[in-house]
Every structure is written in structure tokens, then in C-alpha cells.
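Lettering of chains follows the sequences in order, A, B, ..., and the numbering in each one begins at 1. Here the structure is a predicted model, which is why all the values come from computation and not from measurement.
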There are 2 protein chains.
Amino acid sequence: MKEPTPRQKEIVNVAIRLIAGKGMPYLTIKHIAEEIGISEPAIYRHFDSKHDILMAVLGHFETVSLRIRDQLQRQNGNGLEQIRRFMFDRYALFSDNPDLAKVLFAEEMFMNDEQLAKKILGIMHQHRDLLFNAIQKGQKEKEIRSDIDADHLFHFIVGSMRLLVNRWSFSGFAFDLKHEGSTLWQAVEIMIKPD
Amino acid sequence: MKEPTPRQKEIVNVAIRLIAGKGMPYLTIKHIAEEIGISEPAIYRHFDSKHDILMAVLGHFETVSLRIRDQLQRQNGNGLEQIRRFMFDRYALFSDNPDLAKVLFAEEMFMNDEQLAKKILGIMHQHRDLLFNAIQKGQKEKEIRSDIDADHLFHFIVGSMRLLVNRWSFSGFAFDLKHEGSTLWQAVEIMIKPD
DNA sequence: GATATATTAGTTAGTGATAACTAACCAATA
DNA sequence: TATTGGTTAGTTATCACTAACTAATATATC
């Protein structure tokens, strides 16, 4: 868990940009090197293998995710407010880093390699736990309806968010994600409130 | 739009199985040929290029989708019933063909090639129209709540279904999709009904 | 403080594996 | 006799990665 060097951070950022822009097959050591402006073997002074670069990409996602989680836990609002903040944080994050949205919500791209798959499933599990707990907390506090399983509510909330982000991504970021996310949240709020 | 020959169908099925099982990078002409038990160049007697094979894979998805759509339109139920049948049909389809679920809900894999991307976006649009119309119909018929935009309802319904199928797929098909899909639908029904 | 040494981050050139695809040929069948 | 669907033996391109070398800088020793 060492801090990456500036050059390593640069390589990771270029990798994310290349994957988002031209797809995983385009991510080659050669293209990364060209983008940075150094030779191909120079990349290997900073990472032992391509696999390690992809692990570092996922490591970056993990870091960002943990930062958001810790922020949420410090603020310590009620269940509903925690979910709202989580959603808005993510819409803001993706708006500022569209490449990140494109790569992070296309998990299949990492699923070929066992180690990468394990790492990304870990990140997903983290998110799930966070939201699941917030939903259950909201149900206990009577801010969220209890006639529907927390599990199903989770599917609504996260599923609709993911679909929105995916549509935004496929559209070439053609609409204002923060605005659409906000109106989607209003609809979510109406539906998950108690009768 | 010619009917594919038996050998072409075989190649398409093998391609889907390989993509689902080992990921897109594993889909090579060599592996397809090995799986079928013929030589590599023999594949080129049936398809001009690898790209054409992938187009045929998407053509297969399109055919399946159109079949479901026509079936739905013939039955001509009310809006809510149409949505319900659509969902159950898809859960049944995926339960019988897990490979199809794995590939069809991983659109990013086709997004590198412009032509493939266009085709898959067309299929997605078709689904969207179908469900969107059913939702609006249900709202007119007062079976579905009108205090929430059809667009947002679409995100709930489809988003939650996609998330469920993806989780099923990532879990290695570890639970009964038809059963979980059915309980998810009950929750959907409660939430989208009018107050 | 000057000098020797080690480390860092780069270079050019090249390796072996594998990808998509082609050429040329052949046996069975329409 | 032409077509269909196979074969073996290649081609060219590109991949991840290595070998060997070098300039510049940091560090240690006298």
C-alpha cells in the first residue's frame, strides 16, 4: 500500500483515459508510453507488468471510494440523508471525472483476470454494505418504508443510478448528470418514503 | 438479413459461450475453430472476418429481442401486465441461456467498434421504447402512478432488473434468477402502483 | 570539499508468442 | 464440371516484455 510516485500516478491516469476513450483492447504499453512521451520500456521502470498497472487503476478507484465513505461516516446523518449524500457525491465525482465513470461502471472489462476481478468485487461489496446499512438505518428510523425489503430498495436505488450514469456515458456525456441525478433522486425519495 | 447456415449458427453460439466464459480477449478465430473441431481458416468459409462474427452475435440478440417484442404485442395486455410479462420473459430467457445474459448486459465489450456499438445501441433503444410506451399506457390507464415521470419509472424498473441480472451473473449464477426476479417484481409493483 | 560509487529513469534494439487473415491445394457433392 | 467446405503452410502486425547501455543525480567515503 505504498504511495504511488508522480510518474506512477501519471501512468494510471493515462491508462484510465485510454480505456475510457478507446476501450480496453487499446490499452497497450506502447500507447501509454506514446501518450506520456517516453519509450515503451521506460514504463517498466515504474510498473513490473501491465497487470500491475491495472491493479493500480483499481487501487485508485478504491482510494477514491474509501475517501467518500469516510467523509460520509464523519458527517453521520440519518439513513436517508446518508443515501442522498452518497448519490450526490457520486454524481459530482463522475461529472468531474467522466473517464472514471466509463471505466468504473464497466466491471466486465476486469473480470478476465482473477486478481482484478477479486479487487473490483471487493470495492462493489464495500459500496453495497455502506448503502445497505444506510437503508436499514433509515427503515428503523421510520424515514424509509419498511413494507419493502432493504434488498429490493437497494436494487432500485443503485440500479436506477447505475442506469442513469451508463446512459450518460453512452450518450457521450450529452446531458447534465448532476441535474438529472438530482431529479432522479427526488423520484427515489418519493418512492422510498413511508406511506 | 439472410438466414444463417447451421455452421454459422454454430460459430455464433460458440462465440457467445467463449465470450461469456473467458472474456472478449479470449475470443479468437483459433479458439472458435478449436471448440468446433475444424481448422482456423475453415472459419473464413463461413464469415469474411472476425468483425462479421461479432455482428452476427448481435444479430442473434436482435432476433431474440424482436421475437419477445412481437409476442408481447400480440398478447396486447394492459400496460402493467405488459411490463410484468417483459420482465418475466427476460428472466426466463436468461435462466435458460446464462451466457446470453453475461454478454448482453456487458455492452462495453462491443463499444470499441463503431458498427457494433451502433447495432447494440439500436437494440437498447428498441427495449427502451417498448417499456416506455408500456409505462405511459399504464399511467393513462391509472394502473401506474402518475406523480412520477415515466422516465424515472423506467430507470427504476430497468435499472433494478439489470442490477439483479448482473449480480446473478457475477455470482456465477449462484441463485435462482426467476425466483429473485419474481420477488423483485412484487416490490416494483407495490412501488409503481398509484397511491 | 572533492571524489568514487550507486541508484534512478531513461534509451535502442530485439525476442518469442500470438493475433487476423491469405494462398494454394483437395475431396466430396450438386 | 462447378461449388462447398475443408486442409497445411504461410504472412504481416502487434503484443508484453527483456538485454544492454547511458546520462544525471544522490549518497557515501576519504
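Here A:Ser39 reaches the OP1 or OP2 of C:dT11: one of its side-chain N or O atoms lies under 4.0 Å away.
Atom CG in A:Asp113 sits about 14 Å away from atom P in D:dA16, given to the nearest Å. Atom C1' of nucleotide C:dA19 and atom CD1 of B:Ile43 are separated by 15 Å, given to the nearest angstrom. Here D:dG5 presents its P atom at 13 Å from CD1 of B:Ile36, a figure rounded to the nearest Å. Taking atom CD of residue A:Gln8 and atom P of nucleotide C:dT8, one finds them 12 Å apart after rounding to whole Å.
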Stepwise salt bridge (charged side-chain N to carboxylate O under 4.0 Å, His left out) test for B:Glu107 and B:Arg162: CA-CA 12 Å; B:Glu107 303 95 354; B:Arg162 288 180 71 107; 2.3 Å; yes

For nucleotides 22-30 of chain C, which of its nitrogen or oxygen atoms have a protein nitrogen or oxygen under 3.5 Å away, and what is each distance?
{"residue": "C:dA24", "atom": "N6", "partner": "B:Arg45", "partner atom": "NH2", "Å": "3.4"}

Pairs under 3.5 Å (N/O, protein and nucleotides 13-15 of chain D):
none

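Side chains of B:Phe110 and B:Lys118 form no contact here, defined as non-hydrogen atoms less than 4.5 Å apart. Side chains of B:Phe156 and B:Val188 form no contact here, defined as non-hydrogen atoms less than 4.5 Å apart.
A donor-acceptor pair shorter than 3.5 Å can be found between the side chains of A:Glu143 and A:Asn78.
The pair B:Asp176-B:Lys178 does not count as a salt bridge, with every side-chain nitrogen at least 4.0 angstrom from each carboxylate oxygen. The pair B:Arg17-B:Glu35 counts as a salt bridge, with a side-chain nitrogen and a carboxylate oxygen less than 4.0 angstrom apart. A salt bridge is defined here as a Lys NZ or Arg NE, NH1 or NH2 lying under 4.0 Å from an Asp or Glu carboxylate O, and A:Arg85 with A:Glu81 meets this definition.
Taking the centre and axis of the six-membered ring of A:Phe88, the NZ or CZ atom of A:Arg90 falls outside the cone set by 45° and 6.0 Å.
Closest to the side chain of B:Ser49, out of D:dC17, C:dC21, C:dT12, is C:dC21.
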